[in-house]
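Below is one structure, written out as structure tokens; comments come after it.
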There are 2 protein chains.
Amino acid sequence: MNTRYDPFKTSFDSLDEFADLISQVLQCPVTIEDANHRLLAYSTHDERTDPARVSTIIGRRVPEKVINQLWKEGTIPALLKTKEPIRVKNMDEIGLSHRVAISIWKHDEVLGFIWALEIDRTLTDEDFTLLKKAADAVKNKLLQLQTRKNKKEERFQEFFWKLLTGHLNNPAEISEHFYSLQITPPSSFAVLVFQFQENITSQDEQSISYLLKTNQRLKIILYTIDCNQLIVLVSTDNFDNVFWELEQFSLLFTGKMADRYGIYNLIPVYSGIYHDYQKITNAYEETLAVLSIKAKFPRETKNIYNYHKLGIYQLFDLLLEKRKTEGYENYSLRRLHQYDQKHNSNLVETLEVFLNCDNNINDAAKALNVHANTLNYRLKRISEIGEVNFKDPNQKMMLFLDLKLEKYKGI
Amino acid sequence: MNTRYDPFKTSFDSLDEFADLISQVLQCPVTIEDANHRLLAYSTHDERTDPARVSTIIGRRVPEKVINQLWKEGTIPALLKTKEPIRVKNMDEIGLSHRVAISIWKHDEVLGFIWALEIDRTLTDEDFTLLKKAADAVKNKLLQLQTRKNKKEERFQEFFWKLLTGHLNNPAEISEHFYSLQITPPSSFAVLVFQFQENITSQDEQSISYLLKTNQRLKIILYTIDCNQLIVLVSTDNFDNVFWELEQFSLLFTGKMADRYGIYNLIPVYSGIYHDYQKITNAYEETLAVLSIKAKFPRETKNIYNYHKLGIYQLFDLLLEKRKTEGYENYSLRRLHQYDQKHNSNLVETLEVFLNCDNNINDAAKALNVHANTLNYRLKRISEIGEVNFKDPNQKMMLFLDLKLEKYKGI
DNA sequence: GAATTTTTTGGGGATTTTCACAAAAAGGTT
DNA sequence: AACCTTTTTGTGAAAATCCCCAAAAAATTC
């Protein structure tokens, strides 16, 4: 067979038609996906298939566990690097039989993938050449879809920003927008924000888009990017334990950004669950508040991702202002600071660690790297010097608050 | 001797002169006091005396322990009831030798007392008659002092109110007022407020005035009455432990109001220590804030008398407002309330008591009248139902705050 | 009304915490 | 250097807390 021979130099109306054509030429089942592993088309003339393909077709996307495996094992990274076909050995644990994949390129961007299953026959080098021709032939068709989608995405973004900034304050208007964008608004939603260390580049955007679209944990309604923040609107319908889901998703997303794209130190936060789309501004502000507090108390709020869990840190802006206006000073803390300064000891730190450790002497002693009796002695001194009664929850609470407020003020 | 005979029907310039006259007639040392046991005059012709009298003259008032003893043992109550002379047996423990006292009356009000010491001779019935005549003769003179004092007190009051309400905002002006009232302003001061259960009657006023003036623990600079509140400005100079002193004084005052005059349930509060007289308004407002919180959390703040010690309760006005505007609700608390309602249990109450008891299971179990294991079981349920982690101080603190806020809201 | 679940109470042993005491180390003063 | 105070660490016994099990009581469900 001549390498010049190109059976794909023909016009076709739909991608499905084209998938069938490839299938006929290569004598095996074929599927075409976009860059986010969404199913675009699949051949129907061949009935042989494998579980992974069935799931992909049923769900109109490649199952997440399959994507994960293909990432881990290197197929997808390879496809994103080369224009050559890649052979994948069968992986029974995810229901994948032997197959060959090729990426579809336009300039230096991957638009999608073609998969050919090697169920009865193994593809030859010639078949590989044909596959490359098929990939080349399909790119323009894909590009059309892509640009159409881009325009749509712009409208999505505009709508999302209007929602976030409270520019749509009429339920009917909001419904209308959803309808015109062909989105069914979920009855409950949450806003997620991922804060990046640096501004998000357009290359990052692709990774983000890819991750969001391939994720199958949460339904992403809308998302947009603002400097170093990725803002996402997700549906929270039909979950027993929404916050757990949100946390799982956040960790998954940040984990994959790190593993796959080397983008580390993302800070995920999310709002509470809302039902009223006019309150999306509140949700967004919640997330910003959490980010702001997390910036100031990174250690204390390490495992806190939402406003609800912030606990007393919710109050800090307010409290600081109060303290400023009334010129109040915690008597005990002042005494302890004075003592620390005079004898360069560290009673204040000791107190803070002790309170952080929920009054547990052993834990606190470990955290401070001192003997438990040492801590005991210090606590006795603290209660003497600072006139603190460690049996009084009110006193301790105020101390804790004022301790943290000092830090807050200091930053 | 004829009962008509009256050696005191004579004019005299000063009270001291009159005291000497009585002393001459009765052949014993004499002192005259006002209703608040302030020394008004004393005889000098006789050198015999006792330690109590010496202290009285030196301090220009009867020592507090002597007054206390005379109250306890019934002399003063008797003097306030009858116009007859009362004999007091000697009380070595307070340096008091035998003496006779008589109260000086104007209408139904006691203006003061005359004391005659029975050092060498015991007074006869005739002497008693003479003493009554002396008391009668001196009353007009005392009345003059009284009215002069009243006018002065009115000026005091006016000045005090101006200070409290911030109508004097110029240090020079304030100093001037102090000077013109012949008060040396202390360099540090505090405002005390005693809240009565009912509006203060003019009869109560006399008791108050008496107690304030006879007290020797704190130096009272100014005081005034506003409906059911007694407002006092005290000097806090020269104390090591000011707050302890203030507390002692408060308890003393409320105790004596109860014991002596049957006026119960006074609520004492006091401000912090201030140095700047322009900030007296702040001090006053502090006390009012404490009273307001104490009204809402009587049990929790039972032993709290000043703003400083209020701890987290300082923040409640602010927090409540925040909660209202943001429409936040504590998730755990809501869950627990729901459970309580459904199973008519009392998990919320259990939680509150437990937190009040500083996480001490035994104390809390006692307070709840249940077995410690029952409480343990309930706490396990609480942590399950409310998703509370009892090792997390932040969570617990927020729970505590929200619990108390609920109550605050409820009232 | 029987069966099941939830709640309360009790016992008792393992584990921790608490506390007093003492020795040693560290820091400061004269 | 000698002396004192403060701080740290160690030890061990008493006290308390924690935790498991089980039985009984109460409430709920079927």
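Reminder, nothing fancy here: chain letters follow the sequence lines and each chain counts from 1.
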In whole angstrom, what separates A:Ile382's CD1 from D:dT6's P? 16 Å
For the student: nearest non-hydrogen atoms of A:Ser271 and A:Leu246, plus distance: O-CD1, 4.4 Å
Taking only N and O in the side chain of A:Thr374, is any of them less than 4.0 Å away from OP1 or OP2 of D:dT9? yes
Electrostatic pair B:Arg323-B:Asp402, nearest N-O below 4.0 angstrom: yes
Just to be sure I understand the rule, does B:Asn362 reach a base, reach only the sugar-phosphate, or reach nothing, if contact means heavy atoms closer than 4.0 Å? sugar-phosphate
Nearest-Å distance, OH (B:Tyr377) to C1' (D:dC21)? 15 Å
Are any of the side-chain nitrogens in B:Glu93 or B:Lys65 under 4.0 Å away from the carboxylate oxygens of its partner? no
With DNA chain C as reference, determine whether B:His371 or B:Ser345 sits nearer its 5' end, using the nearest nucleotide of each. B:Ser345
Does the ring of A:Phe400 carry A:Lys396 above it, NZ/CZ under 6.0 angstrom from centre and within 45° of its axis? no
Under-4.0 Å side-chain N/O to phosphate OP1/OP2 contact, A:Arg378 with D:dT8: yes
What I want to find out is whether B:Glu384 reaches B:Arg381 closely enough, with some N-O distance under 4.0 Å, to be called a salt bridge. yes
A:Glu300/A:Lys407 salt bridge by N-O under 4.0 Å criterion: yes
Pick base, sugar-phosphate or nothing for A:Asn344, based on heavy-atom distances below 4.0 Å to the nucleic acid. nothing
If you take all heavy atoms of A:Ile273 and A:Val242, which pair is closest and at what distance? CD1-CG1, 3.4 Å
Applying ring-ring contact (aromatic ring centres under 6.0 Å, His included), run through A:Phe297 and A:Phe316 and close with a yes or a no. CA-CA 11 Å; A:Phe297 296 97; A:Phe316 273 33; 5.5 Å; yes
Length of the CG-P vector between A:Leu368 and D:dT8, whole Å: 10 Å
Whole-Å distance, B:Leu375 CG to D:dC18 P, equals 10 Å
For DNA chain D, the dot-bracket notation using Watson-Crick and G-U wobble pairs below 3.5 Å, [ ] for pseudoknot-type crossings and | for other-strand pairs, is ||||||||||||||||||||||||||||||
Could you check whether A:Asn369 gets within reach of a base, just the sugar-phosphate, or nothing at all, counting any heavy atom under 4.0 Å? nothing
Spacing between B:Asn346 atom CG and D:dA27 atom P, to the nearest angstrom: 12 Å
Look at the rings of B:Tyr331 and A:Phe243 and say which category their plane angle falls in: under 30° parallel, 30 to 60° tilted, over 60° perpendicular. perpendicular
Chain A footprint on DNA chain C, 5' to 3' - any atom under 4.0 Å from a heavy atom: C:dT17 to C:dA20
Candidates D:dC19, D:dT7, D:dT9 - which lies nearest the side chain of B:Asn373: D:dC19
